[in-house]
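Step one of this worksheet: look at the structure below.
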Protein chains: 2
Amino acid sequence: MSQIRKPPTMADIARVTGVSPMTVSRAFKTDSLISKETRDAILKAAEDLGYVFDATASNLRSQKTDFVAVTIPSINNANFADTVGGLSETLAARNMQILLGYTNYDMQEEERLIEQLLRRKPEAIVVTGGKHTARARKLLENAPIPVIETWDVPAEPIGRFVGFSNAGVVRGMVDHLVRTGYSRIAFIGGDVGRDTRGSDRRQGFLEAMRQHGLDTSRLIAAGPPPISMREGANAMARLLEQFPDTEAVICVSDLSAFGALTECQRRGMRVPEDISIGGFGAYEIGSICVPTLTTIDAHARDIGRKTGSLLLDILDGKQDVGDVLIKPQLIVRESTR
Amino acid sequence: MSQIRKPPTMADIARVTGVSPMTVSRAFKTDSLISKETRDAILKAAEDLGYVFDATASNLRSQKTDFVAVTIPSINNANFADTVGGLSETLAARNMQILLGYTNYDMQEEERLIEQLLRRKPEAIVVTGGKHTARARKLLENAPIPVIETWDVPAEPIGRFVGFSNAGVVRGMVDHLVRTGYSRIAFIGGDVGRDTRGSDRRQGFLEAMRQHGLDTSRLIAAGPPPISMREGANAMARLLEQFPDTEAVICVSDLSAFGALTECQRRGMRVPEDISIGGFGAYEIGSICVPTLTTIDAHARDIGRKTGSLLLDILDGKQDVGDVLIKPQLIVRESTR
DNA sequence: TAGTTGGATGGTATCGATAACAAAGGCGTT
DNA sequence: AACGCCTTTGTTATCGATACCATCCAACTA
């Protein structure tokens, strides 16, 4: 069960096979110059000895790790998970491995995390969001690798970005609701100051409402992000108490929107007849619950895929690479008239 | 924006500060013997030069990576995400980093992944599930590090395990439903042969039904795992066509259970009056949807935390470490009578 | 036949940090 | 004053794979 002797190295295989360590090394690289017989003999010896390639040594000498560092706010969020999935599938073609870290929606934690990740000498770093602490920004700027910011359009991009305007998407939702005939519209979001994308969405709500000359006081802060279904339900309860005449609610995500929906159902209110609900993120739940939820699809997986191919282009030294502006899409479903 | 000269090393800091590289190295280790003045001078020089610690070199020389390799079926599953979260928070105390890989519910892919992960020389490896390909098993057995299997009670454990009987939990659910007075009970799960935990749950269903002398033919295969809400809804539709007199359904997860619930709602059926529904996993949705879902809480986060502390105990050389048997808990809610 | 080409292989130094050991200096004790 | 001990710092070798350059030899050309 447990090994006492230490694991074999390429030198051991070389000894057994009667070749030089250099040749053993070549046998493990797919595109190298080596005869088929030699390679087969080496691979067989490796299998027999139970050899496991040592990436730490390879990394140091070749100054390549095949790591791509990625920070996301939370692993428990289908949107970010999808982005990581899309990125992962794109990078798999190059045998690159994702080194994932969670910031827990905290810029301080992000800073700490970025520092830790950079120590592992990744080939590139992908961060979620376009706002960072001063120190984190400096770390990223000084890093000798490509930096990509996602899920946002940074005020001052560090490297390239793949994102969209979080304020813009909510403006679009407000515009749609106003066009449909609503005017008493509320917003349920997280506490200001933590989730920067959430704050941007709330900002977009305020701007759009002002532009339409509508009341902007219907704001419910549902606690620190991420806002759960339960917190969405609680926020809806508070909203209905404070502003019983509200006609429509925009929630910071489909999860809180679903929570809000269940609160209405428990109170015997009909959606959308008595109140309309809009979400964000095109989570599966919004497409299947009763009634289905009007939402905004940010194309989370696509963000990951496009980040991946942008990254590969940069690493390949392509010259004409540019930022990628994602076009989120309003999906009107049963929860709004 | 981009650096031309190559990043500074400890040797550079040593030159600037007028000490030996060894002393610089010591300045970065918290518990080492070094005077406060020297350390401060070194850290300041490091900051000025924009030094970033090189973990690849450190890893090679010290033969320690502080990596813990983890395989999970899918990142897009709140249960496994919770387990990773619990593990992550436990390991954070030791500054260990999780190296995560997704098997996509595929044992072949798991084998490939385990091989890739072992190359990075992790300090330990945590795999989800207790069934593996022969080669994967061999790789794990030969690995000179602790191996922990989770979310299952392996027939032949490789190292330690932190899990529960997937068949057992469903047996418990069936027993409960039978006790409550149901007899025409169905099971909605994934296709056999892929998701081993899902297959075990289905097996538990069959065993329990036979034990009670009940009809075991009400089985719906909803496609390859993971089973989405949509697939749960479709499966429910098929179930209602094939076996319209079904009294209760057990779904392989809360997500498919919720899908099944929505299908009933769209058909104007009442839950639990017309049909009862049970799920698995204690996802948030089951605690908030209308009606709330009867489910089984496998204590996903707890599995992660316990795996973490078991791991630390093993790495610390504790002698009395044993397997951890998780006690999943039946939570009876509104979706069953 | 001599010269050239290119595929296959070997030798050596090196990536950057640190384990292991050595040594210098300060302080207290007898 | 001599000794030992502890704190702080330095020296050297090393982790394991591979970049770089050299070499060998068979096959082909002129």
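Naming convention: chains lettered A, B, ... in sequence-line order (proteins, then strands); numbering from 1 in each chain.
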d([atom1], [X]; [atom2], [N]) in whole Å:
{"X": "Ile42(A)", "N": "dA8(C)", "atom1": "CD1", "atom2": "P", "value": "13 Å"}
{"X": "Arg61(B)", "N": "dC15(D)", "atom1": "CZ", "atom2": "C1'", "value": "6 Å"}
{"X": "Phe28(A)", "N": "dT18(D)", "atom1": "CZ", "atom2": "P", "value": "9 Å"}
{"X": "Asn59(B)", "N": "dA17(D)", "atom1": "CG", "atom2": "P", "value": "14 Å"}
{"X": "Lys6(B)", "N": "dC15(C)", "atom1": "NZ", "atom2": "P", "value": "6 Å"}
{"X": "Lys29(A)", "N": "dG16(D)", "atom1": "NZ", "atom2": "P", "value": "17 Å"}
{"X": "Arg15(A)", "N": "dG10(C)", "atom1": "CZ", "atom2": "P", "value": "14 Å"}
{"X": "Asp12(A)", "N": "dA17(D)", "atom1": "CG", "atom2": "P", "value": "9 Å"}

Completion exercise
Exactly one of Gln108(A), Arg112(A), Glu110(A) clears side chain to side chain contact (heavy atoms under 4.5 Å, CB included) with Thr103(A), and that residue is Glu110(A)
Problem - Matching residue for Trp151(B) among Thr196(B), Val127(B), Ile326(B), Ile303(B) - test: side chain to side chain contact (heavy atoms under 4.5 Å, CB included) - result: Ile303(B)
Handout entry: Residue pair Asn76(A), Ser74(A): steps toward the side chain to side chain donor-acceptor pair (under 3.5 Å) verdict
Key = CA-CA 5 Å; Asn76(A) 246 327; Ser74(A) 154; 5.3 Å; no
Handout entry: Qualifying residue, where the test is salt bridge (charged side-chain N to carboxylate O under 4.0 Å, His left out) with Arg94(B) and the options are Asp313(B), Asp316(B), Asp66(B)
Key = Asp316(B)
Handout entry: Exercise: identify the closest heavy-atom pair between Arg39(B) and Lys29(B)
Key = NH2-O, 2.8 Å
Problem - Closest approach of Val84(A) to Ile98(A) (non-hydrogen atoms, all atoms of both residues) - result: O-CD1, 4.0 Å
Compare side-chain N and O positions of [X] against OP1 and OP2 of [N] and report whether any pair is under 4.0 Å apart.
{"X": "Tyr51(B)", "N": "dG16(C)", "result": "no"}
{"X": "Gln63(A)", "N": "dT14(C)", "result": "no"}
{"X": "Lys121(A)", "N": "dA17(C)", "result": "no"}
{"X": "Ser25(A)", "N": "dT18(D)", "result": "yes"}

Check: protein-nucleotides 23-26 of chain C nitrogen or oxygen pairs below 3.5 Å:
none

Handout entry: Ring centroid separation Tyr51(B) to Phe28(B) under 6.0 Å
Key = yes
Problem - Geometric cation-pi criterion Arg120(B) and Phe67(B), 6.0 Å radius, 45° cone - result: no
Practice task
Run through Glu111(A), Arg137(A), Glu149(A) and flag the one making a side chain to side chain donor-acceptor pair (under 3.5 Å) with His132(A).
Solution key: Glu149(A)
Exercise for the section: Find which nucleotide of DNA chain D each of Ser62(A) and Asp54(A) is nearest to by heavy atoms, and output the residue with the more 5' nucleotide. Expected result: Asp54(A)
Problem - Residue Phe53(B), side-chain heavy atoms: nucleotide from dG16(C), dT18(C), dG16(D) that is nearest - result: dT18(C)
Which atoms of nucleotides 6-11 of chain D (N or O only) lie under 3.5 Å from a protein N or O atom, and what are those distances?
unit_1: dT9(D); atom_1: OP1; unit_2: Ser35(B); atom_2: OG; d: 3.4
unit_1: dT9(D); atom_1: OP1; unit_2: Thr38(B); atom_2: OG1; d: 2.5
unit_1: dT9(D); atom_1: OP2; unit_2: Ser35(B); atom_2: N; d: 3.1
unit_1: dT9(D); atom_1: OP2; unit_2: Thr38(B); atom_2: OG1; d: 3.4
unit_1: dG10(D); atom_1: OP2; unit_2: Ser20(B); atom_2: N; d: 2.8
unit_1: dG10(D); atom_1: OP2; unit_2: Ser20(B); atom_2: OG; d: 3.0
unit_1: dG10(D); atom_1: OP2; unit_2: Thr23(B); atom_2: OG1; d: 2.6
unit_1: dG10(D); atom_1: N7; unit_2: Arg26(B); atom_2: NH2; d: 2.8
unit_1: dG10(D); atom_1: O6; unit_2: Arg26(B); atom_2: NH2; d: 3.4

